[in-house]
Novice: 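The structure is given below, and queries will be raised subsequently.
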Amino acid sequence: MGESSKKPKLKRRHHTVPRLLLRRFADGEQIIRVPLNGGQRRSVGIADVTVRRDFYSMLDQDGQLDDTVENLLAELEDKAAKVIRKVVNGAWPLETEDRDVLTEWIAAQHARIPAARAANNEIADHIGKVMIAMGGKPEIRRRLEEISAEPVSDERVEALWEELTDFEGYYAEMPVNDHMAAMGQSIKTAYEVFKARSWGLIRFERRALLIPDHPVTLVREENMPTFLGVGIGNAAAIVIPIDRRVAIMMASPGPEDFFVRTHTKLAKELNQRFAYNARKELFHHPDDDPLHEVELPPVRDREMQMSRPPEGYLMPDGPHDAFKSALGNAPEPPPGAKPPRFEAE
């Protein structure tokens, strides 16, 4: 038997919302999918929703796909499934070991979502284009001269400047391995934040919850200005549904976990927040109607709002001396936010 036949088969279909969670909102293997683009609501199999091909695959040293991350997520999900079962069956507060498992799993769910990758890509694309805009033609000439054996003509510089400043004509993304590294760091950070908060258990007897394609939902402080972003550090609360009638709320740091008093108004408020946190779709149990009086948002196709587009930084002749001094003191850009690669012709 050849060596290749012993190599485990790659997992190619990756769930961005794990099946263990979707199954809690399903009738067997069927769940109601509600698209935000106005499409028809219908029953679908949980094996076929929130699936992206090779989403958590890295590239190894040989440039081949590696599904180590997907396997690690699957191991964590197996542990979390047992803890979620305990919670749904009445265990609360959790023992320290079980709470740690669930903390890590929720942190991973927060970091693994497509929105996190989209935000990283949008930042990398924006920073890269701003760097081009501010560097101007002198920076393009300098980079071309680094790789050219012959003098660089004005025509070549002008042509590349026109190409690279057509910012709508291309989109720069972070390498997939950089995304995986960023996800790992995000999980570590979220774990520490989530662990420090006090946890409240929300359990409904009759009211039902929905689940969005991005389940970890941040609740903004009431007095926070709308122009400020909300993250896991400054959120008033963090809520995640773990069953069609059970959710966990992470409140401010406190000494003890607690129970949340439930009522109809709370169920409606949670479902509205979950709906607003969806990007493309949400789901619910076939026997439930959690969308009653819930306003559906439009599809969200952007994660970041930049105050100024790259065109606003255009400096064809390059930055002046004072600006160069300021740039010299600027922090390093995040991983993946690199200027375009210049290659010799």
Novice: Establish, from distance only, whether the side-chain atoms of Thr264 and Arg207 form a donor-acceptor pair under 3.5 Å.
Specialist: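 Judged by distance alone, the side chains do pair up.
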Novice: Please check if the side chain of Arg261 supplies one atom and the backbone of Ile202 the other of a donor-acceptor pair under 3.5 Å.
Specialist: no
Novice: Determine whether Met183 and Met180 satisfy the following criterion, side-chain contact (heavy atoms from CB on, under 4.5 Å), listing intermediate values before the conclusion.
Specialist: CA-CA 5 Å; Met183 187 177 82; Met180 293 299 100; 4.3 Å; yes
Novice: May I have the step-by-step check of salt bridge (charged side-chain N to carboxylate O under 4.0 Å, His left out) for Arg13 and Asp54, ending in yes or no?
Specialist: CA-CA 6 Å; Arg13 302 178 77 252; Asp54 300 326; over 6 Å; no
Novice: Can you name the residues that form a side chain to side chain contact (heavy atoms under 4.5 Å, CB included) with Asp62, not counting sequence neighbours?
Specialist: Asp60, Gln64
Novice: Distance alone, cut at 3.5 Å: any donor-acceptor contact between the side chains of Glu295 and Tyr276?
Specialist: yes
Novice: Does atom CZ of Arg206 have more than 12 heavy-atom neighbours, drawn from other residues, nucleotides or ligands, at distances under 6.0 Å?
Specialist: no
Novice: Could you check Lys265, Arg273, Gln272 and say which one makes a side chain to side chain donor-acceptor pair (under 3.5 Å) with Glu269?
Specialist: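 Filter result, single survivor: Arg273.
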Novice: Do Asp78 and Lys82 meet the salt-bridge criterion of a basic N to acidic O distance under 4.0 Å?
Specialist: no
Novice: Does a salt bridge link Glu162 with Arg156, judged by any charged N lying under 4.0 Å from a carboxylate O?
Specialist: no
Novice: Do the side-chain N and O atoms of His179 and Asn121 include a donor-acceptor pair separated by under 3.5 angstrom?
Specialist: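 Yes - a donor-acceptor pair under 3.5 Å links their side chains.
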Novice: Evaluate the criterion side-chain contact (heavy atoms from CB on, under 4.5 Å) for residue pair Phe194 and Ile238; output intermediate values, then yes/no.
Specialist: CA-CA 9 Å; Phe194 294 169; Ile238 301 165; 3.4 Å; yes
Novice: His14: which residues meet the ring pair (Phe, Tyr, Trp, His ring centres under 6.0 Å) condition with it, sequence neighbours left out?
Specialist: Tyr56
Novice: Looking at Lys11 and Asp67, is any side-chain nitrogen of the basic one under 4.0 Å from a carboxylate oxygen of the acidic one?
Specialist: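 Between Lys11 and Asp67 there is no salt bridge, as every charged N stays at least 4.0 Å from the carboxylate O atoms.
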Novice: Applying side chain to side chain contact (heavy atoms under 4.5 Å, CB included), name anything that partners Phe259, two or more places apart in sequence or on another chain.
Specialist: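 Checked Phe259 against side chain to side chain contact (heavy atoms under 4.5 Å, CB included); matches are Trp92, Leu201.
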Novice: Sort out for me which residue in Ile242, Asp98, Asp100, Thr103 forms a side chain to side chain contact (heavy atoms under 4.5 Å, CB included) with Val83.
Specialist: Asp98
Novice: Please test His284 against Asn271 for side-chain contact (heavy atoms from CB on, under 4.5 Å), starting from the C-alpha separation and ending with a verdict.
Specialist: CA-CA 10 Å; His284 65 79; Asn271 282 327; over 6 Å; no
Novice: Closer than 4.0 angstrom, basic N to acidic O: yes or no for Asp317 and Lys137?
Specialist: no
Novice: Would one find more than 12 heavy atoms of other residues, nucleotides or ligands at under 6.0 Å from atom CD of Glu95?
Specialist: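 Incorrect, the count does not exceed 12.
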Novice: So that I can tick it off, tell me whether Glu303 and Arg279 are bridged by a salt bridge, with the cut-off set at under 4.0 angstrom between side-chain N and carboxylate O.
Specialist: yes
Novice: Are Phe274 and Phe204 connected in a single hydrophobic cluster, I mean Ile/Leu/Val/Met/Phe/Trp/Tyr linked by side-chain heavy atoms less than 4.5 Å apart?
Specialist: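 As far as the 4.5 Å side-chain criterion goes, Phe274 and Phe204 are connected within one cluster.
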Novice: Return yes if some donor-acceptor pair links the side-chain N/O of Asp213 with the main-chain N/O of Leu282 below 3.5 Å, else return no.
Specialist: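 Side chain of Asp213 to backbone of Leu282: no pair is present.
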Novice: Determine, for Glu29 against Arg23, whether the closest basic-nitrogen to carboxylate-oxygen distance falls under 4.0 angstrom.
Specialist: yes
Novice: Salt bridge check: are Arg143 and Glu139 linked by an N-O gap of less than 4.0 Å?
Specialist: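 Looking at Arg143 and Glu139, the cut-off is met.
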Novice: Identify the heavy atoms of Pro241 and Ile211 that sit nearest to each other, and give their distance.
Specialist: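 Nearest heavy atoms, Pro241 then Ile211: CG-CG1, 4.1 Å.
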Novice: Where do Arg203 and Asp243 land on the salt bridge (charged side-chain N to carboxylate O under 4.0 Å, His left out) test, with the steps shown first?
Specialist: CA-CA 9 Å; Arg203 181 189 300 278; Asp243 183 82; over 6 Å; no
Novice: Is a side-chain donor or acceptor of Arg112 paired with a backbone partner of His15 at a separation under 3.5 angstrom?
Specialist: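 Yes, because the side chain of Arg112 sits within donor-acceptor range (under 3.5 Å) of the backbone of His15.
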Novice: So that I can tick it off, tell me whether Arg142 and Glu146 are bridged by a salt bridge, with the cut-off set at under 4.0 angstrom between side-chain N and carboxylate O.
Specialist: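 Answer for the salt bridge query: yes.
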